[in-house]
Engineer: 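Here's a structure for you.
Both ligands and their constituent atoms are indexed starting at 1 by order of listing.
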Amino acid sequence: MVAVHGSGDDSLARSADLALSSVLPGGEIPGMDEDLFKRWVDLLERRTGIVVPSTRRSFLLTNLRGRMREAGYTSFETYYIDLQTGPKAAVEWATLVDRLTIHQTHFFRHQPSYDYIEKTWLPARTAALSWNGSIHAWSVGCATGEEAYSLAMVIDRGLGTVPGRSYFGITATDVSQPALAAGREGSYAVARRSEIPDEFAHRYVKLVDDQSFAIDERLRRRVAFSVFNLLDLGRAPVKEIDLIFCQNVMIYFPRERRLEMLAGFARLLKPGGVMILGPGEVTQWNYPGLERVSNRQVLAYRRLDDPRPSLDSV
Ligand SMILES: C[S@@+](CC[C@H](N)C(=O)[O-])C[C@H]1O[C@@H](n2cnc3c(N)ncnc32)[C@H](O)[C@@H]1O
């Protein structure tokens with residue numbers, strides 16, 4: 001399931017739905033019968049992983065009505081059909097998904113994870129004989145970009161202390177186009193600057209005016225934003241990743257889906273690479289060739305280095 005907005009008293013919403021069982025004056029939108037509700041739930045789950053239990057019926061209806069009013073629809077049925085086959089289906093679908101997903105995020109949201117990258121994993125990675133001089137990181141479910149830029153700051157500073165030439169790039173993906181567009185812009189409300197530790201803020205952000213600040217252009221060029229639905233992990237736009245960072249995304253999916261995703265991530269990791277999840281986001285999971293990182297504050301799995309060829313095989 002995907003992160004979903006809103007909550008509400010379902011019994012109230014149900015009676016409201018019944019009361020609105022026909023087209024009402026003033027452009028009101030009628031209710032939705034059980035069969036159509038099931039079709040909506042099925043469509044959302046199939047295409048996005050969003051799971052809407054019947055207890056969240058009011059959430060779904062409120063958000064659908066909001067978007068339908070903006071787009072000029074008065075019938076759930078017509079909107080349902082147009083969303084799949086109409087001339088603007090793809091654009092409308094992206095707009096609706098954005099409505100239904102939560103993009104709440106922060107810079108340096110889970111500080112111990114960033115500390116682990118900078119102080120433990122990166123020094124070991126760059127010291128490994130097998131290291132090829134570059135780091136490719138993936139921020140999965142990046143929302144409006146704060147997570148990807150936090151990673152960029154930590155990696156840029158960390159690589160600055162490594163002798164010789166090095167390079168890094170970050171792929172930042174999300175299912176929401178508007179969230180990605182905000183991330184690409186790299187401009188944030190000035191109140192959010194306090195989320196960034198001072199030593200990074202001084203170096204990587206600049207005030208634009210008294211309302212906003214911008215991420216340093218050099219850092220922005222290291223982050224590529226791209227739309228990607230986690231349900232399509234088999235067609236991920238990345239491979240051979242050094243660092244997969246996925247926090248506060250999987251919690252919205254059922255456990256079986258999470259396990260499929262973890263296995264997909266594991267297959268994309270390079271030897272010596274690491275995947276970092278949010279604390280508590282998965283329990284009792286293991287995968288061949290991965291070891292749980294021993295850090296009590298961080299939930300991370302490292303792919304073991306490929307075994308060196310034995311003398312017998314040389
Ligand atoms: C709560 S935010 C977390 C943002 C960031 N990772 C963090 O920890 O601050 C969850 C993000 O996951 C995205 N998301 C939800 N379902 C997704 C899916 N099936 N594929 C890709 N992204 C998804 C949402 O659009 C949203 O931006």
Engineer: Do L180 and F228 belong together in a cluster built from hydrophobic side chains that touch within less than 4.5 Å?
Structural biologist: no

Engineer: Evaluate the side chain to side chain contact (heavy atoms under 4.5 Å, CB included) criterion for residues Q177 and D98: first the C-alpha distance (whole Å), next the side-chain angles of each, then the deciding distance (0.1 Å), finally the verdict.
Structural biologist: CA-CA 7 Å; Q177 299 268 18; D98 183 59; over 6 Å; no

Engineer: Under a 4.0 angstrom heavy-atom cut-off, which atoms of ligand 1 come close to T48?
Structural biologist: 19 (N)

Engineer: For residues I170 and R222, determine if any side-chain heavy atom of one lies less than 4.5 Å from a side-chain heavy atom of the other.
Structural biologist: no

Engineer: Under the rule for ring pair (Phe, Tyr, Trp, His ring centres under 6.0 Å), what residues qualify as partners of F265, not counting sequence neighbours?
Structural biologist: W138

Engineer: Check each atom of ligand 1 against the heavy atoms of N229 and keep those under 4.0 Å away; list them by number with element.
Structural biologist: 18 (C), 19 (N), 20 (N)

Engineer: Any atoms of ligand 1 less than 4.0 Å from a non-hydrogen atom of N248? List them with their elements.
Structural biologist: 1 (C), 2 (S), 3 (C), 7 (C), 8 (O), 10 (C)

Engineer: Which of the atoms of ligand 1 are close to T101, meaning less than 4.0 Å from one of its heavy atoms?
Structural biologist: 25 (O)

Engineer: Which ligand 1 atoms does I102 reach within 4.0 Å, using its non-hydrogen atoms?
Structural biologist: 1 (C), 2 (S), 10 (C), 11 (C), 24 (C), 26 (C), 27 (O)

Engineer: So, 4.0 Å and heavy atoms of F245: is ligand 1 close enough to count as a contact?
Structural biologist: no

Engineer: Can you tell me how the ring of Y114 sits relative to the ring of F108, calling it parallel under 30°, perpendicular over 60° and tilted otherwise?
Structural biologist: tilted

Engineer: Taking only heavy atoms of A143, which atoms of ligand 1 are found under 4.0 Å from at least one of them?
Structural biologist: 4 (C), 27 (O)

Engineer: Short list, please: which atoms of ligand 1 are under 4.0 Å from a heavy atom of T105?
Structural biologist: 4 (C), 5 (C), 7 (C), 9 (O)

Engineer: Counting from 1, what ligand 1 atoms have a heavy atom of R109 closer than 4.0 Å?
Structural biologist: 3 (C), 7 (C), 8 (O), 9 (O)

Engineer: With heavy atoms under 4.0 Å as the rule, classify the contact between V249 and ligand 1 as side chain, backbone, both or neither.
Structural biologist: side chain

Engineer: For Y116, enumerate each residue passing the side-chain hydrogen bond (donor to acceptor under 3.5 Å, both in side chains) test, keeping only those at least two apart in sequence or located in another chain.
Structural biologist: none

